[in-house]
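What follows is a short report on a single structure.
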Amino acid sequence: MTGHLDLSITVTSEEETRNLAKDLSQLLKVGDIVRLDGTLGAGKTAFARALIQSLAEQDLEVPSPTFNLLLLYDTPAGMVYHYDFYRLEDPEEIWELDIDDAYDSGITIMEWAERLEDLAPQNALRIELVITGDLESSRVLQITGDESWGRRLAGFSQGKTVND
Ligand SMILES: Nc1ncnc2c1ncn2[C@@H]1O[C@H](COP(=O)(O)OP(=O)(O)OP(=O)(O)O)[C@@H](O)[C@H]1O
Ligand SMILES: [Mg+2]
């Protein structure tokens, strides 16, 4: 397990979630996949919105891709593919949603990746937002990834509230 990324950060406001997303955006490049997990209303789209606005270097409107399944953004950091697979009926449908282009030449952000079953990417940076119930706006962000993510996010937690 050495070198794997396994970080747990507590936030108490949506602004803190947004700030974490902005910090993460600085590390992202084409070919990266960010998987956002968590229950309905946990804050996956809120996190994605801050990430995309930061990559775009402007406060673009970033709606939830609930109905479109994919929304695309042309940003200075590269094309950003924002997926929401909640309404996916069959994992094989992803091939019709430009997933090859996303993986090859974009930054991929996905909500509800569990809908992909065996087709869920294994090399994603995974961020699970957990509603804690302490405050309405409290969340724990559980950030996990392989050794490559471990190297790239070494020091990411500096100055943040990290849970033991
Ligand atoms: N700390 C926080 N981080 C993120 N969102 C928060 C936080 N506190 C409160 N919120 C609120 O929680 C809601 C999160 O909604 P959002 O659409 O981002 O959830 P989601 O996980 O994408 O849900 P869905 O599964 O329906 O796509 C928003 O109304 C947001 O304002
Ligand atoms: Mg959402």
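Because the structure is predicted, anything quoted here is derived from the model rather than measured. Just so you know, ligand 1 is whichever comes first in the structure, and atom 1 is the first atom listed for that ligand. Just the heavy atoms: all of them, side chains too, but no hydrogens, waters or symmetry mates, feed the values below.
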message = Membership question, hydrophobic clusters at under 4.5 Å side-chain separation (ILVMFWY): are Phe47 and Phe156 in the same one?
response = yes

inquiry  = So which atom in Arg139 and which in Ala42 form the shortest heavy-atom distance, rounded to 0.1 Å?
reply    = NE-O, 2.6 Å

message = Taking OH in Tyr86 as the centre, count heavy atoms belonging to other residues, nucleotides or ligands within less than 6.0 Å. Is the count above 12?
response = no

request  = Look up atom OG1 in Thr161 and atom CD1 in Ile9, then write down how far apart they are to the nearest 0.5 Å.
outcome  = 8.5 Å

ask   = Above 12 or not: heavy atoms from other molecules or residues under 6.0 Å from CD of Glu15?
value = no

The Mg ion (ligand 2): protein N, O or S atoms [distance under 2.8 Å] = Thr45 OG1, Glu111 OE1

task = Could you tell me whether Arg152 and Asp32 make a salt bridge, using a distance below 4.0 angstrom between a side-chain N and a carboxylate O?
result = yes

ask   = Is the CD atom of Glu61 crowded by more than 12 outside heavy atoms at less than 6.0 Å?
value = no

inquiry  = Run the salt bridge (Lys or Arg N to Asp or Glu O under 4.0 Å) test on Arg18 and Asp23 for me, step by step, so that the C-alpha distance in whole Å, both residues' side-chain angles and the decisive distance to 0.1 Å come before the verdict.
reply    = CA-CA 9 Å; Arg18 295 179 57 82; Asp23 289 349; over 6 Å; no

Between the protein and ligand 1, which nitrogen or oxygen pairs come in under 3.5 Å, and how far apart is each?
unit_1   : atom_1 : unit_2 : atom_2 : d
ligand 1 : 1 (N)  : Ser13  : O      : 3.1
ligand 1 : 1 (N)  : Glu14  : N      : 3.4
ligand 1 : 1 (N)  : Thr17  : OG1    : 3.1
ligand 1 : 1 (N)  : Ser137 : O      : 2.9
ligand 1 : 3 (N)  : Thr17  : OG1    : 2.7
ligand 1 : 10 (N) : Arg139 : NH2    : 3.3
ligand 1 : 12 (O) : Arg139 : NH2    : 3.2
ligand 1 : 18 (O) : Thr45  : N      : 3.3
ligand 1 : 18 (O) : Ala46  : N      : 2.8
ligand 1 : 19 (O) : Gly43  : N      : 3.2
ligand 1 : 21 (O) : Ala42  : N      : 3.3
ligand 1 : 21 (O) : Gly43  : N      : 3.0
ligand 1 : 21 (O) : Lys44  : N      : 2.8
ligand 1 : 21 (O) : Lys44  : NZ     : 2.8
ligand 1 : 22 (O) : Thr45  : N      : 2.8
ligand 1 : 22 (O) : Thr45  : OG1    : 2.9
ligand 1 : 22 (O) : Glu111 : OE1    : 3.2
ligand 1 : 23 (O) : Gly41  : N      : 2.9
ligand 1 : 25 (O) : Lys44  : NZ     : 2.8
ligand 1 : 25 (O) : Trp112 : NE1    : 3.0
ligand 1 : 27 (O) : Glu111 : OE1    : 3.3
ligand 1 : 31 (O) : Glu14  : OE1    : 2.4

inquiry  = So that I can tick it off, tell me whether Arg126 and Asp37 are bridged by a salt bridge, with the cut-off set at under 4.0 angstrom between side-chain N and carboxylate O.
reply    = yes

